[in-house]
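Remarks on the structure that follows.
Throughout, a chain's letter reflects where its sequence line sits, starting with A, and its residues are numbered from 1.
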There are 2 protein chains.
Amino acid sequence: MSEVTATGISVLLVDDHPIVRQGYRRVLESQGDLHVVAEADNAADAYGAFKAHDPDVVVLDISMPGASGLEAIRNIRARSPRARILVFTMHNEAVLVKSAFGAGASGFVTKSSEPSAVVNAIRSVARGERAMSDDIAHVLAEDSLSPTGSVLDQLGEREIEILRQFAGGSTTEEIAAHLNLSVKTVQNYHYLIKSKTGARTDAQLVRLAATCGLTRI
Amino acid sequence: MSEVTATGISVLLVDDHPIVRQGYRRVLESQGDLHVVAEADNAADAYGAFKAHDPDVVVLDISMPGASGLEAIRNIRARSPRARILVFTMHNEAVLVKSAFGAGASGFVTKSSEPSAVVNAIRSVARGERAMSDDIAHVLAEDSLSPTGSVLDQLGEREIEILRQFAGGSTTEEIAAHLNLSVKTVQNYHYLIKSKTGARTDAQLVRLAATCGLTRI
DNA sequence: TCCGGCTTGGGAAATTTGCCCGAGCTGCAA
DNA sequence: TTGCAGCTCGGGCAAATTTCCCAAGCCGGA
């Protein structure tokens, strides 16, 4: 049972900052056709609120405490494949964007976008279209992405093992010693993992490994 | 020349996210006594806007591209010691809070606070009082009791800012560009941070930053 | 005033990265 | 059976980064 009216789009807002939520709410409701029917301040509550209100669009920030926002996306989509989820966050890393779409998001908009771009993105995903802000399109274009599923699916067993140890804090030498490989090989894997995942930085690799559950922090 | 009316408090909003600014504006203006007279989306413009509008209170997010928000605080206070500045950010690290007050802020409120707490904080600093949200008070209290300071206490303010951006996934060049520093300086900070914290790996650095709440994964 | 710490960067050697390559293995499909 | 494709493992080499050491300016405290 959707709460959508003949002329409106119902929205569930998920963000951990109350005043940010309230600000969004006012911006969205001033549009006339957008109605915020519920809010949640963490990923765990997001699914409950989704079930209770069956909104047309879920607008959520993926950088929240507790369970990852990606987790929330998967959670919602697993049970309600027709759910439309618009990620709205300050991050603009290619890996994160790909993970979000891979997890089932319909759109990805950064907080640096103009409010008009955000509300238009909401309308787009409500129509079942894919939406993303200009800067995100740019990031993805640069990344010249390959059509894949989860980021980890592109990695071989060895690559994942090395990524795990690397993200755990081990040095290249330690990994080589532990796996009985030459340092050069580990270096090559390191490079290969970065190219495959699109991570441009070791820090991005660690974050990627963490969001995929490869390592805990 | 203050733009304050007999019954109102004029506010300058500084935040790099347009829709967040717009949301704040609506929340504040719905209060009746608060009037947003100007906005700025970076620290550099903040002082210009301050001079032009002489607001009663500056509400600013310290995590912005360009010059650090702390820099903006010092900038404004140096020229207008009676300026009231309320820091409004998602960060709640004790070191950061102390730095902000040290730089001349009158208040520090996190984005996890209730909107009512935020507007009350604005009224408090407008009256010349010091204000902080409950969670900030809690963090400061815990910090003053802990015998072993956080690892971050060994780091200077610039070092913390660079660590935050690095852990967030930014490259050395990007950080240098954001902060208007030479790449060499950022590299030196990177090295210095590793020595001070004892991290032997970039991954360890990211984990450290995450456990200290400097970045979220 | 002097000392110490922060900030900013240069310099130079050591190390790592980025990207190319080949070779041995396995599984799979024609 | 042959052959292709993908994983694993490492060499090579130029380019980039990291690692240290150093210096100068600034500021606050003793």
Side-chain angles (χ1 to χ4, degrees), chain A residues 142-144 146-149 151-167 169-206, chain B residues 43 66-75 77-78 95-96 98-104 149 151-167 169-206:
Chain A
E142 295 239 357
D143 192 66
S144 68
S146 51
T148 74
V151 191
L152 288 187
D153 290 346
Q154 329 167 43
L155 300 183
E157 200 176 297
R158 212 83 246 235
E159 292 162 340
I160 288 184
E161 180 56 31
I162 286 175
L163 174 56
R164 184 202 318 284
Q165 296 198 26
F166 171 76
S170 302
T171 67
T172 305
E173 284 90 348
E174 287 166 355
I175 298 176
H178 197 262
L179 298 180
N180 254 328
L181 296 176
S182 92
V183 169
K184 182 63 194 179
T185 300
V186 178
Q187 288 175 338
N188 276 338
Y189 273 117
H190 192 334
Y191 166 72
L192 204 64
I193 294 167
K194 278 209 238 178
S195 354
K196 283 193 180 181
T197 59
R200 284 150 52 246
T201 280
D202 284 352
Q204 289 179 12
L205 265 193
V206 176
Chain B
S68 141
L70 293 175
E71 204 57 47
I73 298 178
R74 270 188 223 98
N75 233 307
R77 294 279 298 186
V95 216
L96 202 57
K98 289 195 273 188
S99 302
F101 279 117
V151 196
L152 294 185
D153 290 345
Q154 326 165 45
L155 301 182
E157 157 191 317
R158 211 86 245 232
E159 291 163 341
I160 289 184
E161 180 57 30
I162 287 175
L163 174 57
R164 182 204 318 288
Q165 296 198 26
F166 171 76
S170 300
T171 67
T172 305
E173 285 91 348
E174 287 166 354
I175 299 175
H178 280 167
L179 299 180
N180 254 321
L181 295 176
S182 92
V183 169
K184 183 63 195 180
T185 299
V186 177
Q187 288 175 338
N188 277 336
Y189 273 116
H190 191 335
Y191 168 71
L192 202 64
I193 294 168
K194 278 208 233 178
S195 338
K196 282 194 179 180
T197 59
R200 285 152 50 247
T201 279
D202 284 353
Q204 290 178 11
L205 222 44
V206 175

Rounded to whole Å, the CG-C1' distance (Asp202(B) to dT17(D)) equals 10 Å
Exercise for the section: Could you tell me whether the side chain of Asn188(A) has a donor or acceptor atom within less than 3.5 Å of a complementary atom in the base of dG18(C)? Expected result: no
The helix from dT1(C)-dA30(D) to dA30(C)-dT1(D): angle between terminal helix axes, five bp per end, to the nearest 10 degrees, reads 30°
In whole angstroms, the gap separating C1' of dC7(D) from CG of Leu179(A) amounts to 15 Å
From CD of Gln187(A) across to P of dA15(D) the rounded distance in Å is 18 Å
Given the options Leu163(B), Leu205(B), Thr201(B), Lys194(B) meets side-chain contact (heavy atoms from CB on, under 4.5 Å) only with Leu205(B)
TODO: Check whether any side-chain nitrogen or oxygen of Tyr191(B) sits under 4.0 Å from OP1 or OP2 of dC20(D), and answer yes or no.
DONE: yes
Between Arg164(A) and Glu161(A), is there a side-chain N and carboxylate O pair less than 4.0 Å apart? yes
* Asked: Do the side chains of His190(A) and Val186(A) get nearer than 4.5 Å, heavy atoms only?
  -> no
By nearest-nucleotide position on DNA chain C, the 5'-leaning member of Thr172(A) and Glu159(B) is Glu159(B)
Judged by nearest nucleotide, the residue sitting upstream toward the 5' end of DNA chain D, His190(B) or Ser182(A), is Ser182(A)
To the nearest angstrom, the CZ-C1' distance between Phe166(B) and dT18(D) comes to 12 Å
Interatomic distance, CG@Asp202(B) vs CD@Gln204(A), rounded to 0.5 Å, equals 12.0 Å
From NZ of Lys184(B) across to C1' of dG10(C) the rounded distance in Å is 7 Å
When we call it a touch if two heavy atoms are under 4.0 Å apart, what does Glu173(A) touch: a base, just sugar-phosphate, or nothing? sugar-phosphate
Ile162(A) CD1 to dC9(D) C1', in whole Å, measures 10 Å
Phe166(A) side chain reached by Ile193(A) side chain, heavy atoms, under 4.5 Å: no
Just so I know, are the side chains of Leu179(B) and Gln165(B) near enough to count as touching, which here means a heavy-atom distance under 4.5 Å? yes
Here the distance between atom C1' of dT8(D) and atom NZ of Lys196(A), to the nearest Å, is 11 Å
note: Glu157(B), atom CD; dG28(D), atom P; distance rounded to Å ~ 13 Å
>> On the nucleotide dC9(D), are OP1 or OP2 found under 4.0 Å from the side-chain N or O atoms that Thr185(A) carries?
In response: no
key: Salt bridge flag under 4.0 Å for residues Arg200(B) and Glu174(A)   = yes
- Message: Taking donor-acceptor contacts at under 3.5 Å, does the side chain of Lys194(A) reach the base of dG18(C)?
- Response: no
